[in-house]
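Remarks on the structure that follows.
Remember, it's 1-based here, ligands and their atoms both numbered in the order they're listed.
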Amino acid sequence: MAVALIVAAGFGERLRAGRPKALVELAGRPLVQWSLDVLAAVPAIGQIVVALPPADPVLPRGVHGPAGTLAVAGGKVRSESVSLALAAAGPGDPVVIHDAARPLLTGELVEATLRAVAAEGVDGAVAAAPVTDTIKRARADGVVEATVERSTLWAVQTPQVFRREALERALDVAPAVLAEATDDAWLIERAGGTVVVVAAPRENLKVTTPIDLTVAEALLRRRWRA
Ligand code: CTP
Ligand code: MG
C-alpha cells in the first residue's frame, strides 16, 4: 500500500487570509479537505499524514480524514514538513506527496502518477502541465536574451510520487539543502534518481494569491454541479 503526505503547514502569506492557507474556506469547506477526500478515496493509499502549522497533533475542527489519518506539526520549510510527515507515517511504499494548496486534485491523476512510478527504473513521478506561455530569458535590466524552446518544458505540480527508499535517502541532507528545494523531485534528481513527468491538467492549480482562490472556487463548484 502507498502512504500519502499532505503538506499543509505553510502560512499562506501571499494569500493574506489572516490564517493558515490550508484552513481557509473554499467552496464551503477548509481548503485541505478537498484533497484529503480525494486521496482518501484512492484504493492504493493505506494511510494519510497531514503536516499542519500548529504543534497540536490533531486535525483542526472541521477537517476530517479516514481512520488512521495522522496530523503532525510541519517544519519551517516545505521539505522539512515532508520529512516530518514521512517520519510519522507507518509502513507504506510508494509515498504520494501533495500540496494542500492544490484542491482540484483528482483520483485519476493520483492513479496515473502511481502507475508511472511503478515502471522499471523510475524513482519518482510528478504531475506536470505542458507550458503554454511563450517563455523568454531576460537579463536583470529586462533586456531579453533568448526565447526558450517550449516543447520540452513542463510546469510541475503535485501529486509527486516516490519510491520510499529513494525519498528517504534524498531527504537525508543538510537543512540548507532542504531549504533550497522548491519540490521534492529536485532532491531525488540531485541524488541521481530518475524522475518522470505525468501529464496533468492546468486545472490542478495551486492556490497562492486571492485570485487563485476565486478561480479554484469556480472550478470546484462547476465540478460539483456536473
Ligand atoms: N508548506 C508546508 N510547510 C511549509 C511551507 C509550505 O507544508 N513550511 C506547504 C503549504 O501548506 C502548501 C505547499 O507547501 O500546501 C505549497 O507551498 P505554498 O503554496 O508556498 O504555501 P505557503 O507557504 O503556505 O504560502 P506562502 O508561500 O504564500 O506563505
Ligand atoms: Mg511558501
### Message
Tell me the protein heavy atom at minimum distance from atom 11 (O) of ligand 1, and give that distance in Å.
### Response
Gly10 N, 2.9 Å

### Task
Return the residue, atom name and 0.1 Å-rounded distance of the protein heavy atom closest to atom 8 (N) of ligand 1.
Gly75 O, 2.9 Å

### Query
What is the nearest protein non-hydrogen atom to atom 19 (O) of ligand 1, stated with its residue, atom name and distance?
Lys206 NZ, 2.6 Å

### Summary
To the nearest 0.5 Å, atom CD1 of Ile97 lies from atom CZ of Phe162 at 5.0 Å

### Query
When only distance counts, is Ala9 in polar contact with ligand 1, meaning an N/O pair under 3.5 Å?
yes

### Summary
Apart from Leu153 itself, members of its ILVMFWY cluster (side-chain separation under 4.5 Å) are Val131, Ile135, Val148

### Query
So which heavy atom in the protein is nearest atom 20 (O) of ligand 1, and how far is it from that ligand atom?
Arg14 NH2, 2.9 Å

### Task
Could you find the nearest protein heavy atom to atom 3 (N) of ligand 1 and give me its residue, atom name and distance?
Ser81 OG, 2.7 Å

### Query
Is Glu13 in polar range of ligand 1, meaning some N or O pair under 3.5 Å apart?
yes

#### Entry: Under the salt bridge (Lys or Arg N to Asp or Glu O under 4.0 Å) test, residues paired with Arg169 that sit two or more places apart
Glu165

### Task
Decide, yes or no, whether a salt bridge links Glu217 with Arg221 under the criterion of side-chain N to carboxylate O below 4.0 Å.
yes

### Query
Considering only protein heavy atoms, which is closest to atom 22 (P) of ligand 1, and at what distance to one decimal place?
Gly12 N, 3.7 Å

### Task
Give the residue and atom name of whichever protein heavy atom lies nearest to atom 12 (C) of ligand 1, and the separation in Å to one decimal.
Val7 O, 3.7 Å

### Query
Does any N or O atom in Val207 lie less than 3.5 angstrom from one in ligand 1, N or O only?
no

### Query
Taking C-beta and beyond as the side chain, do Arg16 and Pro210 meet within less than 4.5 Å on heavy atoms?
yes

### Message
Do Arg190 and Trp186 form a cation-pi contact, if we require the NZ or CZ to be under 6.0 Å from the six-membered ring centre and within 45 degrees of the ring's axis?
### Response
yes

### Query
Of all the non-hydrogen atoms in the protein, which one sits nearest to atom 21 (O) of ligand 1, and at what distance?
Lys21 NZ, 3.1 Å

#### Entry: Nearest-option assignment for atom 13 (C) of ligand 1, heavy atoms, candidates Asp99, Val82, Ile6, Val50
Asp99

